[in-house]
Structures are given as C-alpha cells and as structure tokens.
2 protein chains.
Amino acid sequence: MTRPRGRPARGQGVTRDAILDAALGLLDEDGDAGLTMRALAARLGVTPMSLYHHVTDRAGLLRALSDRLYGGVLQGIDEAGGPVEGIRMVLTRYYDAVITHPQLTLAIFAEPAAFAGASREITDRLTALLAALTPAYLLWRDILVDHAHGSGLALIAARGDAARVDALRAAYRQALDCLLGQFGES
Amino acid sequence: MTRPRGRPARGQGVTRDAILDAALGLLDEDGDAGLTMRALAARLGVTPMSLYHHVTDRAGLLRALSDRLYGGVLQGIDEAGGPVEGIRMVLTRYYDAVITHPQLTLAIFAEPAAFAGASREITDRLTALLAALTPAYLLWRDILVDHAHGSGLALIAARGDAARVDALRAAYRQALDCLLGQFGES
DNA sequence: ACCTGAACACCGTTCAAGT
DNA sequence: ACCTGAACACCGTTCAAGT
C-alpha cells in the first residue's frame, strides 16, 4: 500500500489528469466538503503532499477543474445563424457544462479567482454577440449568465433523478426562449 | 479574558441572537470558510463548545440564519394587485433578501437541508400564485426562483461596489418584467 | 523530478467536570 | 442551565530528507 520514498519509476507516479479526474469524482459525490487534499491523495494511493508537485493549491485545483470543464464550451460554435442563435448555442452549452458538475460550479462561486480563465472567454463571446443586438448588452449579458447559473445550481437538489434533470433542462430552454424573444425571432 | 468555569451570572452568557449576529458578520466578511465555530466563539469571547448549548450544529447555525433572513420575506405581501403583481412583490423581496447576504445564500446551497424552513413557505406562496396563471406553474416557479438565485449570487463578485449593486438590482427587475410579461400586463 | 514523513496551525464535535 | 478544558479525528500546507 505504501510507496517507496524516492522518485517513482517512469509511469508509476500520479499524473495531473488522474488528480483532476479523482478530484471531480469526490466533488460529484460529496460536494466541496468531500474534496479534501487528503481524501484525494488516499484515493490515488499517494501521500497528500505529493499532490503539491502537480497542483499549486486547493484553489489551483479548483481552477484547473473549472478550466477543463468550461474550456470546451465555445468549441464548434458557429455564428451562421445570426447573433440570437449564436447566443442560444453558447448559453445552452454553458448550461450543459454547469449541470454536468453542479457541485464544481458551486465550489467555484466560493472561489471567485477560479472564474478568471475559461469562463471569461465565454462571457466575452456573449458580450460581443449581444453588442450586435442592443446597447444594453452588458446588462443582458449579466441577466443571461446569472440565469444560467441559478438554473444550473438547482440541479444539485435533483441529484440522480434523470427525469427531473430532463424537465429542468427543458425549463431552461423555455426561459431562454422568453428572454431572447426580445431580440426578434430567429 | 477567560471566563470562570461554571454557569455565568444572569445576562452574562452568550445569547442565541448574539451568536447569529456574529456568525452573519463572519460570513459577510470572509464567506463560508470564514465562519468557523472557533472563530465565532473567539469573537464572542467564549469557548467553542459553549456555542453548542445554543445551536445544535454548524449546519443548524446556517439553518437558523437562513430562517431569520428569509422569515420576513412574505410579511406584508398583499395580493390586491392580482397574481402577477403578487409574484413580482414576493420575488423582489426574496431577491433583496438574497443580495443582503449573498455569502449566506451560497453557504445554504452547499447545505441543502438548511433550505427546508422559511424558503419552503416562499416557494409555496409562489406556486399558489402561479397556479392561477398557467398549468405549467411548477415549471415557472422553478424558472423564477432559479433566476433570483443566480442573479443574487452574482452580487458576491460586486462586493461593496454600491453603484454596481444598484445596476444589478435594476437588471433583475428588468429581467423579471420580461419573464412575467408572458402572463399579461398588470 | 517526484515522492515520503514529520510537523504546524488549524478545523468540528464529544465528553466529563465544574458552578 | 450553561460554561470550561482536554481530547479525538480531522483539515491544508511547509519543509527537510530521500532516490
């Protein structure tokens, strides 16, 4: 069970990706309180301190998780359908990312520095798309992002209930239609 | 600095209200991580264990804070203006409660059991009001409540900036108008 | 470069002992 | 009834020591 003291053989050590996977698992199971550096190390069969060779901090760990989850949201977004349709695509994929790991999103809210990376690109893209529609584009960017957050966090209470998740997802799309209706039909 | 060992003189001990006030202060200043039973006791000039005579738990403490904050939301709501206006009043006051202590709301999300009390009454009232408007009243109750949560939590990032708080408050009302517009003008 | 072990300054909570 | 002190099982993180 316990490893030898020195540098492990090539391929025997923990990888950063393995750490992130295990951390996300703990977060999904028990939320922010369940993700401890010590529990994470135990799950990987390693000493807590060895994690610090791959991750700066617990905060850095959350930041890395956030970057990995939200990093793919903007990929494959095409704007051929016009700005309203582009906004709808970005928000729907962002919402889907949030509800995949709502506990991570909640943890990130408590660690505002973790928001800086990937989610910044998403809000920038939304800002640009909205700027083509209304002079109050900053206001509407906030409304739409906040609504996605609130709807996504509600999934924490729906843990595991697939039917309820589907209903909430449908509700989100309906609310989005209402909010985007202001800017004309697409 | 240190108190004697036995039962304190009448009026010398800590009160439950003093505990709640101090806890809310710690939460506002440093968020969930800042609210520790030990820091709370230190602020009150008391041993950590003495808190457990007034509060069952850290979770019970959060629940009591949530009850106190949200307990007043429904008071003085009149339904003379019809259901749409009633819904608007309830949500506006709920949102105002959330943004008064956004860190508390965030902490409660991580402790779902704390939601049970006062916030249940609020959602029940909204459910009843919405039932008069649409068969999809459960769907719309979720949309409206989630939107209030997401908008309220965004205030965490606006810490202290009064102008930004006002702008976000105005944005919330605008979004609410849009969402409630479906159910007819009031 | 990457791991371990011991250590430091924290947590929440229980339990027995005081008055 | 209400407080203390000691104790237990946890935290995150640093630092020196290993290979």
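The sequence lines fix the lettering, A, B, ..., with proteins before strands; numbering per chain opens at 1. Atoms considered below: every heavy atom in the structure, side chains included; atoms not considered: hydrogens, waters and symmetry mates.
Regarding A/His53, its NE2 atom lies at a distance of 13 Å from the P atom of D/dC15, rounded to whole Å. Here D/dC11 presents its C1' atom at 14 Å from CG of B/Asp32, a figure rounded to the nearest Å. If you take CG of A/Asp30 and P of D/dC10, they are 14 Å apart, rounded to a whole angstrom. The nearest whole Å value for the distance from the CG atom in A/Leu62 to the C1' atom in D/dG12 is 13 Å. Rounded to whole Å, atom P of D/dC11 lies 11 Å from atom CZ of A/Arg58. Between the CG atom of B/Leu35 and the C1' atom of C/dT13 there is a distance of 15 Å, given to the nearest Å. Separating the CE atom of B/Met37 from the C1' atom of C/dT14 is a distance of 13 Å, rounded to the nearest angstrom. Between A/Leu44 atom CG and C/dC3 atom C1' the separation is 14 Å, expressed in whole Å.
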* Asked: What's the verdict on side chain to side chain donor-acceptor pair (under 3.5 Å) for A/Thr47 and A/Tyr52, showing C-alpha distance, side-chain angles and the deciding distance?
  -> CA-CA 10 Å; A/Thr47 320; A/Tyr52 289 87; over 6 Å; no
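Using the Watson-Crick or G-U wobble rule with both distances under 3.5 Å, C/dG18 pairs with D/dC2. Partner assigned to D/dC10 is none, using Watson-Crick or G-U wobble distances below 3.5 angstrom.
For B/Met49, counting side-chain heavy atoms from C-beta on, the closest listed nucleotide (C/dC11, C/dT13, D/dC11) is C/dT13. Nearest to the side-chain atoms of B/Thr47 among the listed nucleotides C/dC2, D/dC3, D/dT13 stands D/dC3. Comparing D/dC3, C/dT13, D/dT14 by their closest approach to the side chain of A/Tyr52 singles out D/dT14.
Ionic pairing of A/Asp21 and A/Arg43 is not present here: no N-O contact between side-chain nitrogen and carboxylate oxygen is shorter than 4.0 angstrom.
Closest-nucleotide positions on DNA chain C for B/Thr56 and A/Pro48 were compared, and the one nearer the 5' end corresponds to A/Pro48. Remark on DNA chain D: of its neighbouring residues B/Ser50 and A/Ala59, the 5'-side contact belongs to B/Ser50, judged by nearest-heavy-atom nucleotide. Nearest-nucleotide positions on DNA chain D place B/Arg38 closer to the 5' end than the other of A/Arg38 and B/Arg38.
Looking at every heavy atom in both residues, B/Val73 comes nearest to B/Ile77 through O-CG1, 3.8 Å.
Look at A/His54 and you won't find any side-chain N or O under 4.0 angstrom from OP1 or OP2 of C/dA1.
Judged by distance alone, with hydrogens and angles left aside, the side-chain atoms of B/His54 form no donor-acceptor pair with the main-chain N or O of B/Ile19 at under 3.5 Å.
Here the rule is ring pair (Phe, Tyr, Trp, His ring centres under 6.0 Å) with B/His147, and of B/Tyr94, B/Tyr172, B/Tyr95 only B/Tyr172 fits it.
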